[in-house]
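First up is the structure itself, then whatever we jot down about it.
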Amino acid sequence: MALKQISSNKCFGGFQKVFEHDSVELSCKMRFGIYLPPKAETAKCPALYWLSGLSCTEQNFISKAGYHAAASEHGLVVVAPDTSPRGCNIKGEDESWDFGSGAGFYVDATEDPWKTNYRMYSYVTQELPQLINANFPVDPQLMSIFGHSMGGHGALICALKNPGKYKSVSAFSPICNPVLCPWGKKAFSGYLGSDQSKWKAYDATHLVTSYPGSQLDILIDQGKDDQFLSDGQLLPDNFIAACTEKKVPVVFRLQEGYDHSYYFIATFITDHIRHHAKYLNA
Amino acid sequence: MEEEAREEPELPRSTAPKDFLFYHMDLYESEDRLPIFPEENTRMGREVAQAEMTTEPRAAAKCRVPGNILEEEDAIARLYGLEDDHELGEEFAGENAHGKDLSEFPPCVMRRREAAREQRDWRVGGEVAEAEDLSFGGWGSTDQCQNLREAYRYTRGRSSEEYECYVIPEEEDEEDAPTVFCVTCKTPVRACEKDLEEHQEHQVTPLEKALESAKDEVHKNMFKLEKQIIEMENFASHLEEVFITVEENFGRQEQNFESHYNEILETLAQKYERKIQVLGEKKREKLEALYGQLVSCGENLETCKELMETIEELCHEEKVDFIKDAVIMADRLGKFLKTKTDVDLSAQPDFEDQTLDFSDVEQLMDSINTIPVPSAPVINPQAPNSATGSSVRVCWSLYSDDTVESYQLAYRPVQDNSPREDQAEFTLTAKETYCSVTNLAPNTQYEFWVTARNRAGTSPASECAVYMTAPSPPIIKTMAIRSCEEAALISWDSGNLNPVDSYTVELTQAETPEASGVTESVVGIPTCEALIQLQPRQTYTLYVRALNVGGPSARSKPATIHTTGSYFHLNKDTCHPWLTISEDGFTVIRSERKTTAREPLPRCVAVRGNLIPVRGRHYWEVEVDERLDYTVGVAFEGIPKQEDLGTDRRSWCMRHTFASSRHKYEFLHNKMTPDIRITISPRRIGVLLDYENSKLSFFNVDISQHLYTFNCQLHHFVHPWFSLGKSGSLKIHNGISMPKHVAFY
């Protein structure tokens with residue numbers, strides 16, 4: 001698992017770097033962005049994983065979210081992987097923006113032709129953390145996860161499927177109930193097949209109902225003027241209702257006037273970084 | 001042999017009084033004690049003359065001393081079997097030489113005289129006369145004194161320097177050394193010796209054991225001696241004091257006598273002058289009268305003679321002329337004879353009886369043994385910090401010439417509105433020039449005046465001086481204490497009716513028992529309130545004192561302050577009539593009752609907490625029921641209670657409403673709230689007020705969940721508010737440390 005440094009830029013005393021490596025899970029070259037705060041030069045830092053949304057690469061978050069100042073201040077290593085395998089030469093992988101390349105949906109595909117490469121769930125929960133732990137000054141015990149839209153869905157299911165693995169979770173405009181929204185239906189049927197009962201294993205709202213109740217503080221920000229919210233792609237109410245029912249702590253903030261963009265993310269990214277720092281640096 | 005020698009000194013010491021004698025000599029001869037009698041050197045000429053008179057006896061004493069020393073040395077040496085101990089003898093000689101040097105020092109002589117006088121009380125009878133003799137025969141007792149002094153020196157010297165002598169020298173440990181000790185004969189015996197047979201009937205102990213017991217005995221004696229030495233030394237210093245007092249008293253009396261004698265002599269001289277003058281005048285008067293008489297007598301005689309001559313001449317004249325002249329002559333004669341010739345003595349030669357009046361002199365003579373009436377003492381102004389709440393220490397001074405037996409201190413409280421005479425007057429008698437007057441009222445002015453009296457009478461009263469008792473201790477309002485991690489705001493009741501000058505807050509840190517006592521004081525507080533800077537997370541005990549010119553009051557009852565978190569009480573004055581506050585002061589209850597309000601009640605059913613006005617971070621928690629409608633937040637001071645919290649720009653709050661099994665959480669400021677949904681209803685809400693970062697944050701304490709943060713410009717101080725929309729209760733927790741997770745906001 002040789003790491004190849006693609007770029008390195010000094011940022012807020014630390015370094016924003018991009019690496020490339022050969023992924024075993026995904027059987028392709030994968031890139032990820034990693035921010036190493038100044039503190040990482042002398043000590044092991046907690047790792048915070050960011051999962052991006054549909055059509056994004058590792059670049060969107062590191063260039064647009066403006067999280068570096070907060071991450072530098074709190075001493076967090078922030079890891080931002082790509083959103084899907086790339087260049088696998090699967091037929092139709094680049095046909096649509098909401099399926100295939102840039103739309104891995106953080107599931108382990110079970111259907112041909114995707115099941116060989118599209119194992120993003122295992123990649124972000126297993127392979128990537130191991131790689132990071134082995135190559136960077138991080139504390140393997142301290143990790144949290146967050147994401148945006150499809151990545152918000154990814155962050156929620158990673159946390160809910162692995163109680164205790166992540167100290168905290170947060171999301172911007174997450175796809176909360178993919179089994180009920182058009183994006184989710186399209187992706188899950190493609191990756192997981194037509195058996196909808198299998199889909200529930202990757203649906204945050206369903207996962208909450210079986211969540212064993214380990215302490216997990218969830219922070220969700222949602223733009224009120226988000227077109228995907230009104231399109232019924234995100235369905236946060238379903239997730240909140242389930243969490244209220246199951247007494248899973250959520251603070252859901254419906255932010256007046258904000259949309260689905262990185263401008264919205266950049267506005268509240270500091271709150272999210274602090275939310276994770278509270279648990280990672282406790 | 002050493003042990004026996006050690007026991008010997010007990011014998012002379014047993015005649016206890018003699019030991020004291022030594023001390024006097026020591027007192028007078030040790031140079032470092034000379035300054036005790038500085039007044040000696042400034043004594044009047046009369047005494048110097050006396051001192052000079054002593055030269056002769058002193059010389060005699062000097063001659064005698066060396067002989068004495070030799071005798072003494074021999075005697076002591078014999079006594080202790082220390083013939084070969086020349087060192088000791090030399091030491092004595094040295095000391096005596098020292099004594100001689102001093103005796104040539106004139107002022108010392110007088111001291112010796114005093115000493116001699118003092119000693120007479122315990123002198124053996126024969127020497128008393130000598131001691132009292134002003135020609136310093138008392139000095140003749142040198143022998144005895146020195147004898148005893150040396151004895152003392154000897155024992156004392158040994159006790160400190162020669163402990164090692166009590167150990168039996170090892171060199172006696174030879175082959176045929178005695179191994180047994182006969183108690184009866186008090187002699188060591190060799191065990192193998194035939195001599196042992198002699199001691200068969202006697203009590204015999206091993207030499208070691210005998211040695212031990214002998215050592216014990218010696219040590220015991222040493223201890224006794226040391227104790228005695230200490231006692232003696234104490235007694236000596238006491239004597240020194242007595243000595244000084246006697247000096248002073250007699251000196252004063254001498255001066256008194258002298259002034260009286262001078263006065264009498266002066267009076268007598270005046271009387272003599274006056275008498276002599278009167279006599280002289282009388283004499284001159286008489287002589288003048290007699291002289292006048294003599295002159296007129298002579299004149300008469302002259303005239304008579306002339307007349308005779310004229311008449312004789314007439315007889316020799318012719319008849320005609322005779323007749324003519326005889327007629328004229330007869331007229332003249334007749335005229336002359338008519339003038340009466342006074343032959344009575346105008347002045348008697350004898351002396352009219354003049355009684356000499358010595359009554360005033362007699363009176364003066366009588367008064368020699370009495371003393372003058374003292375003059376009015378001078379009362380001192382009150383010394384700072386000399387008063388307590390119930391007492392003052394009044395001081396005054398007298399004129400140094402006065403002899404005073406006692407003082408009468410009188411006082412009465414000063415009251416502006418009633419005349420002086422109406423106040424009850426109290427008097428006290430004091431022997432000293434000060435008096436502590438007790439059982440007074442606190443923070444009250446009293447005027448004091450003092451008179452001095454002795455056998456001869458009472459002086460006029462001194463001026464009046466006003467003294468003030470210290471105030472009563474203030475009473476800390478424990479229910480009004482507010483604190484945070486950096487400071488505490490405490491207030492108190494004065495505890496005094498009249499105003500006091502200032503207050504002092506004393507604080508001790510309870511965490512450090514080794515640093516007991518006052519660690520810090522804040523002084524000069526003009527009002528009944530103080531903001532005290534403190535260290536975080538400590539426990540302090542605070543006291544307050546009130547101060548006036550008389551001094552500080554006693555400490556107030558203590559108040560304990562924990563600088564953990566922020567601590568405040570609910571302000572009952574702000575409490576809505578529908579709300580009640582529990583006894584502990586931290587539970588707010590709204591009960592289901594309809595009140596028929598006569599006046600319009602405020603809309604906001606709320607109560608305010610009195611937060612300390614300190615910028616920084618403040619944290620408190622509120623325990624709520626999940627189904628309760630409540631509002632918690634902060635508002636600027638002076639917010640009109642008609643308004644609900646969060647409806648304007650002067651308050652920020654979290655409002656919970658519960659309707660149709662749905663919880664609604666609003667974070668209201670100026671009637672606006674963000675749209676926030678919370679999946680778990682908090683049962684305990686944490687509120688963090690952060691002046692430094694201009695933030696107000698709310699937390700779900702049980703799950704450390706951050707709920708919302710206001711960014712608010714807090715230009716003024718705010719206070720916590722608690723409101724209840726329905727019947728139910730809120731419990732406020734404060735004085736708790738801020739949870740760690742809160743520090744991220």
Side-chain angles (χ1 to χ4, degrees), chain A residues 70 73-76 144 156 167-170 176 204-205 208-209 211 213-226 229 236-258 267-268 270-282, chain B residues 617 619 624 626-627 654-688 690 692-711 737-745:
Chain A
E73 181 197 335
H74 292 288
L76 301 181
S144 288
L156 291 173
K167 298 291 168 195
S168 54
V169 61
S170 74
C176 289
T205 303
V208 162
T209 58
Y211 188 70
S214 166
Q215 175 66 38
L216 187 69
D217 187 0
I218 302 170
L219 170 65
I220 298 173
D221 270 309
Q222 173 65 57
K224 206 171 183 178
D225 289 356
D226 185 338
L229 177 66
D237 292 343
N238 296 354
F239 182 71
I240 289 162
C243 287
T244 307
E245 173 77 22
K246 295 300 290 181
K247 300 236 175 271
V248 173
V250 176
V251 169
F252 177 84
R253 313 195 294 188
L254 195 59
Q255 304 288 7
E256 186 78 39
Y258 289 95
T267 305
F268 299 104
T270 308
D271 288 355
H272 286 248
I273 298 282
R274 180 164 46 219
H275 172 78
H276 294 290
K278 180 170 103 178
Y279 293 97
L280 293 170
N281 288 333
Chain B
R617 288 182 144 203
Y619 178 79
V624 295
E626 285 172 60
R627 290 160 186 275
M654 171 182 174
R655 183 162 80 187
H656 170 251
T657 42
F658 182 73
S660 55
S661 72
R662 282 177 64 93
H663 298 276
K664 188 177 162 195
Y665 295 94
E666 292 169 290
F667 296 89
L668 283 161
H669 173 60
N670 199 23
K671 286 184 185 154
M672 290 197 289
T673 178
D675 190 344
I676 288 178
R677 269 173 267 174
I678 292 161
T679 55
I680 293 183
S681 295
R683 282 174 305 192
R684 199 168 170 131
I685 297 160
V687 184
L688 173 67
D690 186 347
E692 283 156 22
N693 296 304
S694 302
K695 281 179 176 176
L696 177 71
S697 303
F698 295 89
F699 301 88
N700 180 340
V701 175
D702 294 329
I703 57 170
S704 310
Q705 190 181 37
H706 172 246
L707 300 176
Y708 187 71
T709 294
F710 283 106
N711 285 302
S737 58
M738 204 166 71
K740 212 180 162 194
H741 68 86
V742 164
F744 287 92
Y745 296 93

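Sequence lines set the chain letters: A, B, ... in the order given, protein chains first and strands last, and positions in each chain run from 1.
Of all heavy-atom pairs spanning A:Cys243 and B:Thr679, the tightest one is CB-CG2, 3.6 Å. Of all non-hydrogen atoms in A:Tyr279 and B:Ile703, the two that sit nearest each other are OH-O, 4.0 Å. For B:Tyr745 against A:Lys278, the heavy-atom pair with the smallest separation is CE1-CD, 3.6 Å.
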Going through the checks in order, is the side-chain contact (heavy atoms from CB on, under 4.5 Å) test met by B:His706 and A:Val251?
CA-CA 8 Å; B:His706 172 246; A:Val251 169; over 6 Å; no
How far apart are the C-alpha atoms of B:Arg677 and A:Leu254, what are their side-chain angles, what is the distance that settles it, and do they pass the side-chain contact (heavy atoms from CB on, under 4.5 Å) test?
CA-CA 8 Å; B:Arg677 269 173 267 174; A:Leu254 195 59; 4.1 Å; yes
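Using a 4.5 Å cut-off between heavy atoms, A:Asp271 makes no contact with chain B at all. The parts of A:Ala277 that come within reach of chain B are both its backbone and its side chain, each placing non-hydrogen atoms under 4.5 angstrom from that chain. Only the side chain of A:Lys224 comes within contact range of chain B, with heavy atoms under 4.5 Å apart.
Distance check: B:Ile676 CD1 to A:Ile220 CD1 gives 12.5 Å after rounding to the nearest 0.5 Å. If you take NE2 on A:His275 and CD on B:Gln705, they are separated by 8.0 Å, rounding to the nearest 0.5 Å. Expressed to the nearest 0.5 Å, how far NZ of A:Lys246 lies from CD1 of B:Ile680 amounts to 12.0 Å.
Counted within 6.0 Å of CD on A:Glu245, heavy atoms from surrounding residues, nucleotides or ligands total 12 or fewer; the atom is thus considered open.
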